[in-house]
Every structure is written in structure tokens, then in C-alpha cells.
Amino acid sequence: MNLEHLNPNQKLAVIETEGPVMILAGAGSGKTRTLVSRIQYLLDEKKVSPFRILAVTFSNKAAREMRERIAADNDIDFGAIQVTTFHSFCARVLRNEAQYLGLSRNFTIYDTSESKSIVKTILGRRGISVKEVHPSEVLYYIDGLKNLGYYIGCTDEEANDDIDKDDLFFQFYQEYEAELHKSNAVDFGSLITGVLNLFEKFPEVIERYQKRFHYVLVDEYQDTNRAQFRLVRLLSEEKKNICVVGDEDQSIYSWRGADIRNILEFEKIFPDAKLIKLEQNYRSSKNIIEAASSVIARNSQRKGKKLWTSNDQGDSIKVVECPDDKQEAEYITKEITKLITKNVSPKEIAIFYRNNAQSRLIEDALRRSNVAYKVVAGIKFYERKEVKDLLAYIRCVVNDKDSLAISRIINTPTRGIGARSLRKIEDEAIKMNLSLWEIINKIVDEPEEYRFLKLSAKIRSGLNSFATMIHESKLLAASTETPSVVYEKLLNESGYLEALEVEKTYEAQGRIENLEELYTAIKQYEEYEDQPSMVGFLETITLDANKGDEQIEEVSMMTIHGSKGLEYHYVFVVGLEETVFPSFQSMEDGDDGIEEERRLFYVAMTRAMKKLHLCFAQARMLWGQVRFNSPSRFIDEIPEEFYEWEGVKKSQSIKKNTIKDGIDYSEEFSQDSDHSDFVETTYVQSTARIEYKFPKGTSLMHKLYGEGLVLDAEGFGEDEKVVIKFKDGARKKFLVKFAPLEKC
DNA sequence: TCGACGATCGTTTTT
DNA sequence: CGATCGTCGA
């Protein structure tokens with residue numbers, strides 16, 4: 001096998017296959033290439049069977065990329081190699097060994113919102129209002145326990161030491177686990193702890209897995225939590241061939257339980273571990289690498305790497321000062337348009353922001369200028385109400401113990417079974433120690449036995465048709481029918497589609513389209529998967545909700561967290577202001593919080609290959625108010641020789657919008673900026689009355705929706721928007737510029 | 001039981 | 001500002 005394309009350290013990282021190895025791979029240091037070569041080396045030179053290799057990563061993106069690269073570089077059959085995420089790997093193990101933990105293999109995986117519902121139920125049952133105890137607080141606590149690797153009956157000392165079992169929250173945790181178990185369900189955290197439980201309590205199980213996997217490889221090691229650490233340590237205990245790859249400077253998930261100790265103490269736990277550093281960067285210009293290195297050097301929690309590159313010096317970084325958030329969006333749009341006219345492919349351009357909400361304004365600006373873009377992992381398709389509803393139907397069919405799913409859709413569309421009746425039925429289920437599904441069937445089968453519940457005839461017939469439909473779908477699913485066939489049946493016979501069609505509103509139409517898209521997604525899954533199943537489909541979407549097409553010529557927009565592992569020629573980072581980035585919350589966390597934000601900034605910078613733009617706004621609309629924040633401290637941390645400053649001047653047309661309620665903010669503008677010389681302080685109080693094309697109260701005609709009344713008007717010129725109430729009661733907001741409107 | 005409306009929240013990042 | 005929650009009235 002030819003290793004000539006690798007540098008000396010990369011080569012070392014490939015051929016040191018035996019014993020514990022930790023590879024510290026800096027940003028852009030050819031990590032994936034090295035890992036793929038290492039696997040290839042194991043197969044070709046060491047004659048290891050693909051069946052014996054396990055490679056786990058943190059994110060689906062990383063797993064997918066590695067799989068693709070391995071497949072591209074080799075002609076051997078790689079089907080047997082397990083390259084997956086921790087969560088997918090654990091889901092697979094749990095399904096295979098479900099009976100050990102009293103689960104059945106068709107268990108449901110609950111996402112965060114479903115976990116939250118369970119917490120709400122538990123709190124509600126105890127009569128605690130969400131105002132006294134926030135469900136998310138409880139969830140955070142529960143997640144914390146699981147990140148530590150705690151499970152019911154866990155005897156691990158470290159995990160137990162950190163837990164106060166007299167805490168009220170610990171009781172919530174226990175009830176929560178009981179509820180999950182009753183529903184034959186697991187959440188993200190217990191995918192990991194479930195497998196830990198399995199491995200630690202059943203020696204015959206862990207032995208099987210230890211015997212199978214001779215080589216264990218962990219990517220994105222800096223993102224692993226304690227539970228995951230224990231998991232890989234157990235797996236590799238027999239052969240001791242564990243190789244972890246990570247970069248402590250890119251550790252940005254501590255809030256999710258990522259534990260820096262996993263890196264810092266690796267050599268303590270594996271005393272004979274070899275340490276290999278990959279420090280040559282192949283991705284970015286010297287300017288970018290040196291600037292990023294000086295920023296990250298300020299962190300104290302590091303092992304210490306010196307990233308360097310032999311690439312060209314490249315363009316200066318550009319720091320851009322904008323008067324406000326709208327003009328920041330305009331600036332970016334203008335620059336991107338320029339790039340595209342210079343024949344730069346939109347695929348090579350990316351916009352990063354600290355939090356998802358920031359994408360909105362930029363999207364508006366890009367759309368206005370007809371720049372094609374995609375928001376990566378933005379408002380998630382699978383989180384839309386109608387999609388979740390249909391998925392709940394599928395979950396009922398797959399796992400009838402999933403009471404959460406049943407209660408979600410038992411009255412959607414309305415079957416006359418309101419909250420009160422549902423409560424009655426649920427209480428009866430608890431009393432009889434039956435699942436919701438079982439009690440529903442009993443009521444349907446022996447209605448006279450349950451007369452005391454005083455359910456109306458309407459409700460009983462509703463229950464009846466619901467139960468029949470789920471029963472039939474179960475039968476259909478059990479026969480050889482494909483998931484999409486079952487989905488179609490559910491869609492039509494539940495009355496869900498019909499209810500939307502009857503609505504005849506714009507929103508309903510959108511929902512129908514989303515349900516059609518869900519159908520397409522199932523079809524695609526069936527094509528892609530060898531043995532498609534409903535369970536498999538559900539798992540794919542809860543563990544990997546990302547869908548995206550790499551081929552399309554579009555500018556990418558994403559959070560910085562989402563950008564990890566990616567690279568673009570041109571990168572725009574927006575919102576570099578105190579309280580936005582670093583975030584307000586992290587600033588309250590003290591040094592640790594700021595160090596993590598700094599790592600995040602480092603990740604953002606090192607995505608850029610050719611040119612990096614760092615933008616900030618003097619004024620920004622936050623929480624419904626115009627705020628004035630100073631430029632991010634991270635800008636100051638870049639040595640001056642690596643960047644040049646650009647001030648964007650206020651444009652007349654947009655200026656008016658930043659004057660709220662007739663108040664002129666110009667004074668604060670100049671006070672707050674260290675570089676106010678770029679800003680013309682020409683703000684004048686606007687005395688002219690705003691002329692709307694369609695003022696409040698106008699009755700008008702919309703080409704598609706018919707007659708309506710203007711409830712509200714806002715915006716100026718190009719930006720004028722109206723809120724219209726239509727005759728059928730529907731309310732809709734339009735941009736006057738585009739909407740087919742006529743006065744009448 | 002359900003829709004409409006008002007009030008009141010609270011907002012980081014993701015498997 | 002926008003989304004969610006809760007209360008009200010029909």
C-alpha cells in the first residue's frame with residue numbers, strides 16, 4: 001500500500017495500529033484522509049477482516065463523509081465495516097440485545113420534544129406547575145446524569161459520586177425512566193447508557209462485542225462525554241487497540257456533556273498510549289491560520305498544538321462594521337453577488353451565525369437579490385406539526401406501547417375525544433396497569449364493561465375507528481408491504497389528509513405538501529435501504545434528520561456548530577458582537593464559557609480557505625428591541641496585521657427603519673463604537689408621514705385568496721408589508737411588492 | 001369541545 | 001418581534 005501522499009506524522013498515525021493511540025489533529029490537517037488510510041492499511045497490510053473494525057463518530061455528517069471516502073478509495077466490499085455514530089451504533093446494539101433490558105426490539109427513540117412531554121406529564125401528575133419547575137431544567141438534569149453514564153442500578157463510582165439521590169430532581173429522573181420503560185422507548189441519552197448498562201451488567205454480552213471488534217476507532221473524540229468514554233473503553237478492553245482522534249481546540253459541545261478530561265487524561269488511563277500530533281494545515285491561507293492560532297492561544301484548557309501551513313499568505317481577513325443587522329445582511333448579499341459574478345461557485349460560499357434565529361434577515365436579503373441559498377439544519381422538516389403527527393401514527397403502528405404517540409394523535413384530526421375524555425381513559429389505564437393501547441381496545445371490545453367511564457357514543461365510535469385503523473395498519477405492516485404503503489393508508493384512513501383538504505387555506509396547502517414530501521422521504525429511504533422497515537425509517541429520521549443535496553449550486557447558511565468538519569473558500573461570520581457571540585449566556589459562565597466560545601470562533605475561522613469576512617452590527621434588533629452592543633472581544637484578539645477594517649455606510653432607504661417610535665438613536669450609535677469615524681452621524685428625526693400603498697382598513701382583493709381587509713401595515717417602499725384577514729378567517733402577511741393585490 | 005383571542009413568556013449551540 | 005400558553009366565550 002502506498003503511503004507517499006501522507007506526511008511523516010500522518011504516516012505514523014496510519015501504521016501505529018496496535019495498542020492505544022491518541023491522535024491530536026488540528027483543523028484542516030488531513031484528519032479524514034489519515035483515518036481512511038488507517039482503515040485501508042488495517043485491511044490491506046494487516047489483513048484485518050472488515051467485520052472486526054468499529055469506527056464511531058459524534059455526528060452523522062462525519063460518519064457519512066468517512067463512509068463515502070472509504071467507499072471511494074477502495075474496491076473491497078466494505079459493507080461489514082461499522083462506520084457509525086455513537087447513537088446509531090447503540091441503537092443497533094440495543095435492538096439486538098433488547099430482551100436483556102426488558103425492551104422489545106421495536107422500541108421508539110424519543111427526541112427532545114417528546115422527552116419534554118414526558119417531563120411535563122410527570123410534573124403535572126405531582127401537581128407542579130411549569131412555572132415552579134421548568135421542564136427544560138429537569139430535562140437538563142436528566143441529560144446530565146446520562147452524560148455521566150448513570151443508569152438505574154449503575155454502580156460506577158465516579159457516576160455515583162456526582163449524584164445526590166435525595167435531590168427532588170433525582171426522583172423526577174426515576175419517574176421519567178419508568179415512563180420511558182412503560183412506553184418501550186428510549187431517549188438520546190439512554191441509547192448510550194442502555195448499552196453501558198448492558199455491557200456492565202451482562203458479561204456474556206460485552207464479551208461477544210469485545211471478541212468481535214479488534215480495532216476501535218473514535219473520531220471527534222473531544223466531543224465524547226463520560227458515558228461514551230466508558231463505552232469505548234469497555235469495548236476495547238480485551239484487544240486494547242483503541243485509537244482516538246480529536247482536537248481539544250474544537251471542543252464545542254461541553255453543554256452536551258463533552259468532557260475535556262477524556263482528552264487530557266487519556267494517557268493516564270492508557271499508560272502506554274502513543275500520542276501523535278497532526279499540525280500541518282492544508283486548508284487555509286497563512287493569514288487565516290496565523291490569526292486563528294493567535295486567538296486560540298489565549299485559551300488555558302489546551303494540550304497545545306502549533307498549527308502551521310505552507311500555503312500562500314493569502315488575502316487579509318476583512319472585519320466589517322455595519323450600522324445595523326439589516327445592512328449587515330445587505331452587505332453580505334452584495335459581496336456574495338459580486339463573488340458569483342466573478343464566477344465563484346455558490347457552493348464555495350458559506351455564512352455562519354451563532355444562533356439559528358440570525359438566519360432570517362440574511363435569508364430575506366438573499367431572496368430579494370435572487371441568490372440561491374440553503375439553510376443547513378435550520379427549521380427542521382421533521383419538527384413540523386403535521387410531519388410529527390404522521391410520524392406519531394407510524395409510531396403507534398410500530399410500537400403500540402408508545403402512549404405518547406397515541407395521545408398525540410388520538411384526536412388529530414378531531415374524533416371528539418378531547419383532553420377530558422383522554423384523561424379518563426389514561427387514568428383507567430393506570431388503574432388497570434395496562435397501556436393506553438390495551439385499554440382502548442378493551443373499551444372498544446367490551447363497551448358495556450366500561451359504561452362507568454361515561455363516554456359518549458361519539459367518543460366510543462371515535463375510539464373504534466381509531467383502533468380499527470391502527471389494527472389494520474399493523475397487519476399491513478406485518479405482511480410484506482413496504483413502509484410507504486402503510487403510510488399512504490394512515491394518511492388517507494386517519495382522515496388527516498381529508499381534514500387538511502377541507503380547510504382550503506394557504507397553510508393547509510403547505511402542510512399537505514409537507515406530507516407529500518414525507519412520502520418522498522419514505523420512498524427514498526426504501527430505495528436506499530436493503531431491508532426497509534418502519535422501525536428503520538423512524539430511527540433514521542430521529543438520529544439523522546439532516547437532509548441535503550450536495551450537488552446544488554447554493555450558498556450554505558448554518559450555525560457555527562453545524563459548520564464543524566466543513567470547509568469553504570469564502571466564509572462570512574455574522575453577528576460578532578458581545579452578547580451575541582460570545583453569547584450572553586456564556587458570558588455569565590465565566591472563563592470556561594468564554595473559552596468554549598473562543599473555540600467556537602476558532603472553528604468558524606478555520607473553515608475558511610481563501611477569504612474570511614467577520615461582520616458585526618452597531619445596532620441589532622434583539623428580543624423585540626434595538627440593542628447596541630460593542631464589537632466582539634474576539635475581533636480584538638486577532639493581531640492587527642492579519643485583517644483590514646471596512647465600515648459600511650448607512651444607506652438612506654434603510655435608515656428610516658432603524659428609527660423606532662420616532663426616537664433617534666444616533667447618539668448611542670457613535671458612543672458605542674470604537675470606529676465611529678466610518679459612520680456618518682446623519683440620523684435625522686423622520687417627520688414625513690409614512691405613505692402606505694394599502695393602509696390599515698383598506699378592503700382589497702387577492703388574486704388567490706379573494707377578498708380581505710388590511711389589519712396592519714408596516715415597512716417602507718420595497719419592504720412594505722400588509723397583514724390581511726380574508727373572508728374565510730385566514731390571516732396572512734404579504735410583501736406588497738410581490739403579492740397580487742388590488743384595492744376594491 | 002373547540003376556536004379565537006390576549007397575555008405572557010423567554011430565546012445557544014445538537015445527537 | 002415571534003411563538004407558545006392559557007383563558008375565555010360560544
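Here is how names work: the chains are called A, B, and so on, in the same order as the sequence lines, proteins then strands, and each is numbered from 1. Predicted model only: the values in this text are computed from it and were never measured.
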I'd like the P distance from B:dT13 over to C:dT4, given in whole Å.
14 Å

Is the NZ or CZ atom of A:R598 positioned over A:F601's six-membered ring, under 6.0 angstrom from the centre and within 45° of the axis?
no

If you look at every strand shown and take non-hydrogen atoms under 4.0 Å, does A:F584 touch a base, only sugar-phosphate, or nothing?
nothing

Between protein and nucleotides 5-10 of chain C, what N or O pairs are separated by less than 3.5 Å?
from  : atom 1 : to     : atom 2 : distance (Å)
C:dC5 : OP1    : A:K120 : NZ     : 3.4

Check for me: is A:Y253 stacked on B:dT14 by the 5.5 Å centroid and 30° plane-angle rule?
no

Within the 4.0 Å heavy-atom criterion, would you say A:T414 contacts the bases, only the backbone, or no part of the nucleic acid?
sugar-phosphate

May I ask you to say whether A:D364 pairs ionically with A:R368, meaning some side-chain N is under 4.0 Å from a carboxylate O?
no

Going by an N to O cut-off under 4.0 Å, is there a salt bridge joining A:D389 and A:K385?
yes

Using OP1 and OP2 only, check whether a side-chain N or O of A:N355 sits under 4.0 Å from B:dT11.
no

What nucleotide among B:dG10, B:dT15, C:dA3 has an atom nearest to a side-chain atom of A:F188?
B:dT15

Please compare A:Q585 and A:L422 by the position of their nearest nucleotide in DNA chain B and report the one closer to 5'.
A:L422

B:dT11: pairing nucleotide in any strand, Watson-Crick or G-U under 3.5 angstrom:
none

Say you pick atom P in C:dG6 and the same atom in B:dT11; how far apart are they, in whole Å?
15 Å

Does this structure show an ion pair linking A:R408 with A:E114, if we count only N-O contacts that are shorter than 4.0 Å?
no

Indicate, with a heavy-atom threshold strictly under 4.0 Å, whether A:N411 touches base, sugar-phosphate, or nothing.
sugar-phosphate

Is the shortest side-chain N/O distance from A:T559 to OP1 or OP2 of B:dT14 below 4.0 Å?
yes

Please indicate whether A:R360 has more than 12 foreign heavy atoms, meaning atoms of other residues, nucleotides or ligands, lying under 6.0 Å from its CZ.
no

Could one point to a donor on the side chain of A:S586 or the base of B:dT13 with an acceptor on the other under 3.5 Å away?
no

Counting only side-chain nitrogens and oxygens, does A:N225 get under 4.0 Å of the OP1 or OP2 atom of B:dT15?
no

Assuming nearest nucleotide by heavy-atom distance, tell me which of A:I459 and A:L622 is located more 5' along DNA chain B.
A:I459

Parallel, tilted or perpendicular: rings of A:F58 and A:Y253 (30°, 60°):
tilted

Please determine if a side-chain N or O atom of A:N147 lies less than 4.0 Å away from the OP1 or OP2 oxygen of B:dT15.
no

Flag yes if more than 12 heavy atoms outside A:K116 fall under 6.0 Å of its NZ atom; otherwise flag no.
no

